[in-house]
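Here the structure comes first, spelled out in structure tokens, and everything after it is commentary.
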Protein chains: 2
Amino acid sequence: MEDYQLCPKFENAFELLGKRWTGLIVHVLLSGPKRFKDISVLIPSMSDRMLSERFKELEAAEIIIRHVYPETPVRIEYELTPKGKGLKPVMDELQKWADSH
Amino acid sequence: MEDYQLCPKFENAFELLGKRWTGLIVHVLLSGPKRFKDISVLIPSMSDRMLSERFKELEAAEIIIRHVYPETPVRIEYELTPKGKGLKPVMDELQKWADSH
DNA sequence: TAATATACTAACATAAAGTAAGTTGTTAAA
DNA sequence: TTTAACAACTTACTTTATGTTAGTATATTA
């Protein structure tokens, strides 16, 4: 059974953003690349387990890239791809809505 | 432990829209009031159980209103409140993003 | 009288998320 | 030179959310 009535792309978008934490992670990454710990501090109610899982999904969806800097100790940063940065207008509108209601 | 770092309103928005089906329900209601059955046909992969639950949450959040028309048989319609309709720009931007990626 | 329709609800199974602790590899402090 | 600390995770287990199937109440139609 398929829901041919709605735009599949739109539904796919919600399959991602309709998962808990995904939106907030994208939101904080819009202010620049962040490390694992940075985000877990910015969103303390989210567990490491979830952050790790969401990172993998977002990477697979090509919304973020994982950078490994071979320093000592190694530094790992997560950054939005152009596709990920394309969500800024969505987030901006949501911010406006949240502020006005 | 609280996440004082982020805008609470923004987080609240995601608590709602970050739940499965919520976004799609709002999206289809943007084209006008609908009955229970209408939406379950438009989003067939969602179960009645979930639609019922999401309706209650959206009503509690004052994003939709439930209208009961005492006809025979009774007709029940769900409509976006002004607050709910305020989500249109968010949905429009998300649609654009979905189309272009 | 049986079948169909709407708008749900209930009971149970499975999947997703939460919680707490552990791992690896490195540095810094005692 | 053990001991502790930190980053970036992973694992095991519990709880919550969602999915599945069936059923309810009320009314209309065949």
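Note: CZ (A:R49) to P (D:dA12) measures 12 Å, nearest angstrom. Between B:F36 atom CZ and D:dA25 atom C1' the separation is 15 Å, expressed in whole Å. Taking atom CD1 on A:I39 and atom C1' on D:dA7, their separation rounds to 14 Å, with Å as the unit. Distance, B:E53 CD to D:dT18 C1': 8 Å, rounded to whole Å. The separation between A:E15 atom CD and D:dG19 atom P is 11 Å, rounded to whole Å. Between the P atom of D:dT18 and the CG atom of B:L51 lies a distance of 13 Å, rounded to the nearest Å. When rounded to the nearest whole Å, the span between NZ of B:K56 and C1' of D:dA17 equals 15 Å. Distance CG (B:D48) to P (D:dT24): 16 Å, rounded to an integer number of Å.
Out of D:dA27, D:dG19, D:dT10, the shortest distance to the side chain of B:R20 is found at D:dG19.
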- Message: B:K34 vs B:E77, test: side-chain contact (heavy atoms from CB on, under 4.5 Å). Steps then yes/no.
- Response: CA-CA 5 Å; B:K34 300 266 178 303; B:E77 282 193 348; over 6 Å; no
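When atom types are taken as modelled, the side chain of A:W21 and the backbone of A:I43 share no donor-acceptor pair closer than 3.5 angstrom.
Listed pair A:K37 / D:dA7 meets the phosphate criterion, a side-chain N or O lying under 4.0 Å from OP1 or OP2. Remark: A:K19 is not in phosphate contact with D:dT18, judged by side-chain N or O atoms under 4.0 Å from OP1 or OP2. Applying the 4.0 Å criterion to OP1 and OP2 of D:dT18, one finds that B:R54 has a side-chain N or O inside that range.
The pair B:E11-B:K9 does not count as a salt bridge, with every side-chain nitrogen at least 4.0 angstrom from each carboxylate oxygen. Between A:K56 and A:E53 there is no salt bridge, since no side-chain N of the basic residue sits under 4.0 Å from a carboxylate O of the acidic one. Using a 4.0 Å cut-off between charged side-chain N and carboxylate O, B:D92 and B:K88 make a salt bridge.
In summary, the aromatic rings of A:H27 and B:F10 are positioned with their centroids under 6.0 Å apart.
Nearest-nucleotide positions on DNA chain C place B:D38 closer to the 5' end than the other of A:S47 and B:D38. Toward the 5' end of DNA chain D, the nearer of the two residues B:G18 and A:I76, judged by each one's closest nucleotide, is A:I76.
When DNA chain C is scanned 5' to 3' for any atom under 4.0 Å from a heavy atom of chain A, the first and last hits are C:dA17 to C:dT27.
Nearest heavy atoms, A:I39 versus A:M46: CG2-CE, 4.0 Å.
When heavy atoms are screened at a 4.0 angstrom cut-off, B:Y78 is found touching the sugar-phosphate backbone but no base atom.
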